[in-house]
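Below, chain A is the first sequence line, B the second, and so on; all start at residue 1.
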2 protein chains.
Amino acid sequence: MQSEFVASRSADQRDSRESRNGNPQLDAVSLAIIEQLQEDGRRPYAAIGKAVGLSEAAVRQRVQKLLDQGVMQIVAVTDPLTVGFRRQAMVGIHVEGDVESVADALTAMSECEYVVMTAGSFDLMVEIVCEDDDHLLDVINKRIRAIPGVRSTESFVYLKLKKQTYMWGTR
Amino acid sequence: MQSEFVASRSADQRDSRESRNGNPQLDAVSLAIIEQLQEDGRRPYAAIGKAVGLSEAAVRQRVQKLLDQGVMQIVAVTDPLTVGFRRQAMVGIHVEGDVESVADALTAMSECEYVVMTAGSFDLMVEIVCEDDDHLLDVINKRIRAIPGVRSTESFVYLKLKKQTYMWGTR
DNA sequence: GCCAGAGCTGCGAAATCCGCAGTCTTCTCA
DNA sequence: TGAGAAGACTGCGGATTTCGCAGCTCTGGC
């Protein structure tokens, strides 16, 4: 299973040249490769090579490295509604004590699709994907509020998803 | 370019059998195919076929149909930080008047990665990806607040992305 | 100058993709 | 009730892509 990002990576996965924040430094060619794959994740290496000015083999090696490093992943993404998850919500969380440990507990929950630590009136924001209202209620009231350190929550139930892109770096 | 979801689809793209909300109904086999591609977007059709009990050609036809229908897309997703976007934020928006038109305006902005209409104390929530603080400030104060109907906004700057998955339907 | 490592190219074999013809089932309608 | 249309699947062969590897070039360290 590789469809998960975790912010920190182990040392042996890092590139030799890395920037201040510990992430590998990408050159223009790698960015161009990523752009190609953001348009179509199954585009052949030869076609990408032609677009970015590299041989098929070189593109293949770069893509493999980007995947190994965790810089990028190639996956199917779906509209949750279509796949049977009828309730989604963003939940803002106020924490007392250690925010990181609360975040870890949330990360471990399969219903939490997206967990981010924020500055502002919430300490954490979490996106939740559920099958129905009962499921959502259960997750928020029983599971999230039961985590030690969670002081209060505020929920924003999704009415309509208007846009969802994956085009970072294509601007 | 196909890396964008829009919630409403034109009539001719719809499946013959569709559920109440207008989305195509997926059977267990299509879900299983999606799961396979959520683990690895480049997995060969033959391997998927073996896993779900279908021929290579049948898998290929189903995948093509899922892509055409907009149920799923196969794309590269990246860690924005690695690709040079150092500031991300979730912005909650209070709207007066037509929420949909504000949402459309936000959808048109390339910095808005994610736009969703919500119930709760915000009418809209938007995820923004920027290169730096100046860029973020410009987007929020100059661009978003300039949209007619936007009454006020509240920002939550990302400190740390803890989890980001694409595993809907894999539970 | 020499070595080691990283990155690229070219190439042949193996695997995959792709289009198509044919089969089977279901559904519709006269 | 039967003809016919539509949808979905299989099998197959040719085209394309992927994959592994040997060899080349460039760079940095010593």
Exercise. C/dT9, D/dT10, C/dG7: which one has an atom nearest the side-chain heavy atoms of B/Ser55?
Worked result: D/dT10
For this session: Determine, for A/Arg143 against A/Glu111, whether the closest basic-nitrogen to carboxylate-oxygen distance falls under 4.0 angstrom.
Result: yes
Exercise. Would you say the side chain of B/Gln38 lies within less than 4.5 Å of the side chain of A/Val75, judging by non-hydrogen atoms?
Worked result: no
Seminar exercise, completed: Rounding to the nearest 10°, end axes of the helix from C/dG1-D/dC30 to C/dA30-D/dT1 built from five pairs each make an angle of 30°
Exercise. Roughly, in whole Å, what's the span from CG in B/Asp27 to C1' in D/dA8?
Worked result: 11 Å
For this session: For A/Phe122, check ring-ring contact (aromatic ring centres under 6.0 Å, His included) against everything at least two apart and list the hits.
Result: A/His94, B/Phe156
For this session: For each nucleotide in nucleotides 11-27 of chain C, reading 5' to 3', give B when a protein heavy atom comes within less than 4.0 Å of its base, S when such contact involves only the sugar-phosphate, and - otherwise.
Result: -----SBBB--------
Exercise. Would A/Asp27 and A/Ser30 count as having a side-chain donor-acceptor pair, cut-off 3.5 Å?
Worked result: yes
For this session: Would you indicate, yes or no, if C/dA6 has its OP1 or OP2 atom less than 4.0 angstrom from a side-chain nitrogen or oxygen of A/Lys65?
Result: no
Exercise. Is A/Asp104 salt-bridged to B/Lys162, going by a charged N under 4.0 Å from an acidic O?
Worked result: yes
For this session: Please assess A/Tyr45 against A/Gln61 for the test side chain to side chain donor-acceptor pair (under 3.5 Å), listing each intermediate value before the final yes or no.
Result: CA-CA 10 Å; A/Tyr45 296 130; A/Gln61 288 159 17; over 6 Å; no
Problem set entry | Pair A/Asp40-A/Gln36, side-chain donor/acceptor within less than 3.5 Å | no
Problem set entry | Pairing of A/Asp132 and A/Arg87 as salt bridge, 4.0 angstrom limit | no
For this session: Would you mind reading off the distance between B/Gln69 atom CD and D/dA8 atom P, rounded to a whole angstrom?
Result: 9 Å
